[in-house]
Amino acid sequence: MRKPLVVALCALALTGAGATPAVAAAPSPTGADTARLTDVVDGVAGTAADTLPGPTAPKEGAVGFAGAVSLSNCSGSVVRMPGSADDDPALVLTNGHCLESGFPAPGQVLVDRASSRTFGLLNSAGSRVATLRADRLLYATMTDTDAAIYRLSTTYARIKSAYGIDALPLSATRPAAGTSISVVSGYWKRIYNCSIDGFAYRMKEGDWTWKDSVRYTSACNTIGGTSGSPVVDGATGQVVAVNNTGNTDGGRCTVNNPCEVDENGRVTVRQGINYAQQTHLFPACFGVDNKLDLSASGCVLPKP
């Protein structure tokens, strides 16, 4: 799971461990915040260039950083549903495994929880221009998908008025193989450009299973800290997925080494390949005023 590496390096130094962290231990089955290393490390450390990349400025006319956000341990984005209004409370999309409370357990779905989480809002050049604050965690799970949506204490209109930044529109259409995409990391202020290579019918990582995962071509070599990054369609500018994991060292279906499972149960391991989770299912579950309604017609997200 794509969490930052640098914090883990610091933690290991404080405990007297060696300079290279091991693969993160699996989180507790309750999702409780009992193993802090699990919450801040993904995979193994690479070179300094891999773990501390410099900002990559977007080319003219290309996908930029505007609307991306940085979390304490991940990336994310301010997103807008197709039916959202300017005066609706704004939403932030990231991964379920990026929750401040730890990883949700398999089968666990969190809905409408109090939150005061903060997010660093980026402009088109990748500069942090504001700190946004959530007032609710509306939805989070690592079952079937790996996603979380926070509600902010401000509206789209206020963000636009104060900072000149629009939310990223969330597509209600499943993306197609071959689509040119950009993975925009607010944590690292780095953009990865590649294409959708295909889809995994099921993807297993440790105790979790995800459906219809998006597989990137190899050019999107995302690293720890890119978890929760929006995957943006280069042609439409719409968010079509949320970045979440990759196979680090060729392991089979283990934490940090997801595997693909087809309809016949055949397992495929693709070392060095990275993945995202579909987001086109979310718009059907949000109504007037950006209120979550899991009983709405067409909403097929996992329910508590």
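No experiment lies behind these values; they were computed from the predicted model shown. Heavy-atom basis, side chains included; hydrogens, waters and symmetry copies ignored.
- Thr248 contributes a side-chain N or O that, together with a main-chain N or O of Asn256, makes up a donor-acceptor pair within less than 3.5 Å.
- No side-chain donor-acceptor contact under 3.5 Å links Thr226 to the backbone of Ser229.
- Remark: Ala66 engages Ser124, Ile165 in a side chain to side chain contact (heavy atoms under 4.5 Å, CB included) (not counting sequence neighbours).
- In this structure, the separation between OG on Ser213 and NZ on Lys204 is 12.0 Å, given to the nearest 0.5 Å.
- Proximity of a side-chain donor or acceptor of Gln278 to a complementary backbone N or O of Asp212 within less than 3.5 Å is detected.
- Between Arg80 and Asp86 there is a salt bridge, since a side-chain N of the basic residue sits under 4.0 Å from a carboxylate O of the acidic one.
- Under the 3.5 Å distance criterion, with hydrogens and angles disregarded, a donor-acceptor pair is assigned to the side chains of Asn290 and Ser84.
- In this structure, Asn123 contributes its side chain and Ala125 its backbone to a donor-acceptor pair below 3.5 Å.
- Residues satisfying the side chain to side chain contact (heavy atoms under 4.5 Å, CB included) test with Ser195, not counting sequence neighbours, are Ser180, Thr217.
- No side-chain donor-acceptor contact under 3.5 Å links Arg151 to the backbone of Asp135.
- The distance from the OG atom of Ser116 to the CG atom of Leu137 is 11.5 Å, given to the nearest 0.5 Å.
- Looking at every heavy atom in both residues, Leu110 comes nearest to Gln108 through CD2-NE2, 3.4 Å.
- A side-chain donor from one of Arg117 and Ser72 sits under 3.5 Å from a side-chain acceptor of the other.
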Check residues 292-304 and write down every donor-acceptor pair under 3.5 Å in which the side-chain atom is one partner and the other belongs to a residue at least two apart or another chain.
{"from": "Asp293", "atom 1": "OD1", "to": "Ser295", "atom 2": "N", "distance (Å)": "3.1"}
{"from": "Asp293", "atom 1": "OD1", "to": "Ser295", "atom 2": "OG", "distance (Å)": "2.6"}
{"from": "Asp293", "atom 1": "OD1", "to": "Ala296", "atom 2": "N", "distance (Å)": "3.4"}
{"from": "Lys303", "atom 1": "NZ", "to": "Leu294", "atom 2": "O", "distance (Å)": "3.3"}
{"from": "Lys303", "atom 1": "NZ", "to": "Cys299", "atom 2": "O", "distance (Å)": "3.3"}
{"from": "Lys303", "atom 1": "NZ", "to": "Leu301", "atom 2": "O", "distance (Å)": "3.3"}

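- In terms of modelled atom types and a separation under 3.5 Å, the side chain of Trp208 and the main chain of Pro104 share a donor-acceptor contact.
- Lys291 is linked by a salt bridge (Lys or Arg N to Asp or Glu O under 4.0 Å) to nothing, counting only residues two or more places apart in sequence or in another chain.
- Residues Val129 and Tyr163 come closest through the heavy atom pair O-CE2, 3.8 Å.
- Not counting sequence neighbours, the partners of Arg202 by the side chain to side chain contact (heavy atoms under 4.5 Å, CB included) test are Thr209, Lys211, Val261.
- Side chains of Asp146 and Tyr275: a donor-acceptor N/O pair is absent below 3.5 angstrom, by distance only.
- What you find for Phe103 and Met142 is that their closest heavy atoms are CB-SD, 3.8 Å.
- Between the side chain of Thr279 and the main chain of Val240, a donor-acceptor pair closer than 3.5 Å is present.
- Between Ala235 and Asp233, the closest heavy-atom pair is N-OD1, 2.8 Å.
- For the 3.5 Å distance criterion, the side chains of Ser182 and Asn193 qualify, holding a donor opposite an acceptor.
- Among residues at least two apart or in separate chains, ring-ring contact (aromatic ring centres under 6.0 Å, His included) pairs with a member in residues 106-133 are Phe119-Tyr150.
- To the nearest 0.5 Å, atoms CG (Leu71) and CD (Glu100) are separated by 8.5 Å.
- One N or O on the side chain of Thr141 and one on the backbone of Thr143 form a donor-acceptor pair closer than 3.5 Å.
- Within the 4.5 Å cutoff, side-chain heavy atoms of Thr245 are placed close to those of Met203.
- Here the side chain of Tyr192 pairs no donor or acceptor atom with the backbone of Ile181 at under 3.5 angstrom.
- Side-chain N or O atoms of Ser75 include one that pairs as donor or acceptor with a backbone N or O of Gly225 at under 3.5 Å.
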